[in-house]
**Student:** 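Following this message is one structure expressed as structure tokens.
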There are 2 protein chains.
Amino acid sequence: MIDKVIIAEDQEFANLSVQKTMDDLKVKQYDYAFYCDDALAKIQLAQKKGEPYDLLITDLSFEDDGTAQKINDGIELIRAVRSIQPGILILILSGQYRPVDIHNLFENHEVDAYVRKARHDVQELKAAMDALSKGQRYYPRSLAQLIKRSNTYEFTEFDITIIRLLSEGYQQNKIPDYLKEHNIKPSSLSSIEKRLNQIREELGFANNQQLMVFCSNAGLL
Amino acid sequence: MIDKVIIAEDQEFANLSVQKTMDDLKVKQYDYAFYCDDALAKIQLAQKKGEPYDLLITDLSFEDDGTAQKINDGIELIRAVRSIQPGILILILSGQYRPVDIHNLFENHEVDAYVRKARHDVQELKAAMDALSKGQRYYPRSLAQLIKRSNTYEFTEFDITIIRLLSEGYQQNKIPDYLKEHNIKPSSLSSIEKRLNQIREELGFANNQQLMVFCSNAGLL
DNA sequence: CTTTTTGTTACGGTTAACCGTAACTAGTGG
DNA sequence: CCACTAGTTACGGTTAACCGTAACAAAAAG
């Protein structure tokens, strides 16, 4: 059973509605936080007291307002939480498609459920909670399809570096210098050209501009 | 006074919380819709009955689920509503920065208030409602700054066409053919080159890839 | 230690993109 | 009707990007 829940969500609208849903579901105890740091602190404290949370419901993107925070991102929060309480259930509640991030979460089995802030999100959340309480995971299949479709291709760290540099206005023939300075393994112009060529071919893109837009939309940059 | 409100918001979480806020603010009557078409129909009906809404609270992006809809976008909804009830107040409630869209809304004075789904959105919404009931507009200044910063440059329709074609993988020297086919006025390769050059210069970009990412982030494509 | 495989780099030819200049066109105003 | 201006187009030279091939290096397999 899921008796104790912590909600990390910076949007007040969403936070409130999730709380209300917890009421509807008769969850015995839940707390909420608007900042990752606060959520992490509460989880840590509960853990020390021997009354750990069963489930973390968290957004992926947190907005930076004035107050300085150590953690300002859902992914980082998840990693931090997993390091202090590996067994906690994690439910992602996110508004944006961030195919790359989500793909990683899927791959590493770091999360147990995913609910999008979308048309029937309340029902989705209830269904997810139901699945979790039965020991199941919960991924809407629409999401799984999206991931597959938009991220068949596996970008390496090297790829992302190149693409990032291009998106910052670097010229291809100046990238080798940058790579050498930063001790990145393949650093020749040939390697860069070959890699870009391969990526374009596999994704069926005609030019780099198309690739850039794709990566931008996928949240790679 | 704002006595009668219609809420158009597809996210159930947000819709619920807005309703709750209307309760808190003692708004006499409010209705809600999860689809643009539904919202528009309600506005039309109320208008005919001689009991028009004072305020429309709407999201900008609506998700396409199975059900076919005539209107599937906040901007379109606003235009449609304005055409049948020009005097209605409009409050945007949006999660994403869409600099281009928002910039247009600002420019054309089509909206009366803007609230972002973010950290203190409930207070923001209450403050916006307060301003509106006093006959004022409500734009958070953080947003105004963002607009200015990210959209100094004014893209023409021609610019956007070119950029769109490039983002779809068109080669520059094939774009003239496309333009001629579609009877778009400047159609020579020279014009395209010159325009791109000018845009890059004004925005301080070194290559097209950088421009593409910028346009993608600005929501131009 | 050799062979094979895999990956990286170097080089040259080709194509596309870039950039300046000049010719041409259309619209404006005298 | 003739300048004048702004915008468009045509052209040629330069640079960057693309692409194939072969040499080379490093790791894996024999």
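None of the values given here were measured: they were computed from a predicted structure. Naming convention: chains lettered A, B, ... in sequence-line order (proteins, then strands); numbering from 1 in each chain.
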**Student:** Salt bridge check: are Arg82(A) and Asp112(A) linked by an N-O gap of less than 4.0 Å?
**Tutor:**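 Yes, charged N to carboxylate O under 4.0 Å.
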
**Student:** Take atom CD1 of Ile175(A) and atom P of dA16(D), then tell me their distance rounded to the nearest Å.
**Tutor:**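 Distance check: Ile175(A) CD1 to dA16(D) P gives 13 Å.
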
**Student:** Mind calculating the distance between CD (Glu193(A)) and P (dA17(D)) to the nearest angstrom?
**Tutor:** 9 Å

**Student:** Below 30° counts as parallel, above 60° as perpendicular, anything between as tilted: where do the rings of Tyr32(A) and Phe34(A) land?
**Tutor:** perpendicular

**Student:** Side chains of Tyr170(B) and Asp177(B): do they bring a donor and an acceptor to under 3.5 Å?
**Tutor:** no

**Student:** Is the closest basic N to carboxylate O distance between Asp130(A) and Lys126(A) below 4.0 Å?
**Tutor:** no

**Student:** On the nucleotide dA17(C), are OP1 or OP2 found under 4.0 Å from the side-chain N or O atoms that Arg195(B) carries?
**Tutor:** no

**Student:** So, is Ser187(B) near the phosphate of dT8(D), with a side-chain N or O under 4.0 Å from OP1 or OP2?
**Tutor:** no

**Student:** Is any side-chain nitrogen or oxygen of Asn208(A) closer than 4.0 Å to OP1 or OP2 of dC18(D)?
**Tutor:**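 For dC18(D), OP1 or OP2 has a side-chain N or O of Asn208(A) closer than 4.0 Å.
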
**Student:** Send over the distance from Arg200(A) CZ to dA17(D) P, rounded to a whole Å.
**Tutor:**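 Going from CZ in Arg200(A) over to P in dA17(D) covers 11 Å.
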
**Student:** Just N and O in the side chain of Ser190(B): are any of them under 4.0 Å from OP1 or OP2 of dT8(D)?
**Tutor:**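 Result: no.
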
**Student:** Once you round it to whole Å, what is the distance between P of dA6(D) and CZ of Phe158(B)?
**Tutor:**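 Taking CZ of Phe158(B) and P of dA6(D), I get 19 Å after rounding.
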
**Student:** Got a second to check how far Leu132(A)'s CG is from Asp54(A)'s CG, nearest 0.5 Å?
**Tutor:** 10.5 Å

**Student:** In whole angstroms, how far is the C1' atom of dT8(C) from the CG atom of Leu179(A)?
**Tutor:** 13 Å

**Student:** Would you say a side-chain N or O of Asn197(B) is under 4.0 Å from OP1 or OP2 of dC19(C)?
**Tutor:** yes

**Student:** With respect to the phosphate group of dA16(C), does any side-chain polar atom (N or O) of Gln172(B) fall under 4.0 Å of OP1 or OP2?
**Tutor:** no

**Student:** Counting only side-chain N and O atoms of Ser188(A), is one of them less than 4.0 Å from OP1 or OP2 of dT9(C)?
**Tutor:** yes

**Student:** When you measure from the side chain of Lys194(B), which nucleotide among dT9(C), dA16(C), dT9(D) comes out closest?
**Tutor:** dT9(D)

**Student:** Rounded off to whole Å, could you give me the CE-to-P distance for the Met212(A) and dA17(D) pair?
**Tutor:**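 It is 11 Å, rounded to the nearest whole Å.
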
**Student:** Any idea which of dA17(D), dT9(D), dA17(C) is nearest the Asn173(B) side chain?
**Tutor:** dA17(C)

**Student:** Could you check how far CD of Gln171(B) sits from C1' of dC18(D), rounded to whole Å?
**Tutor:**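 Going from CD in Gln171(B) over to C1' in dC18(D) covers 11 Å.
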
**Student:** Closer to the 5' end of DNA chain D via nearest nucleotide, is it Asn207(B) or Pro186(B)?
**Tutor:** Pro186(B)

**Student:** Nearest-Å distance, NZ (Lys185(B)) to P (dT9(D))?
**Tutor:** 11 Å

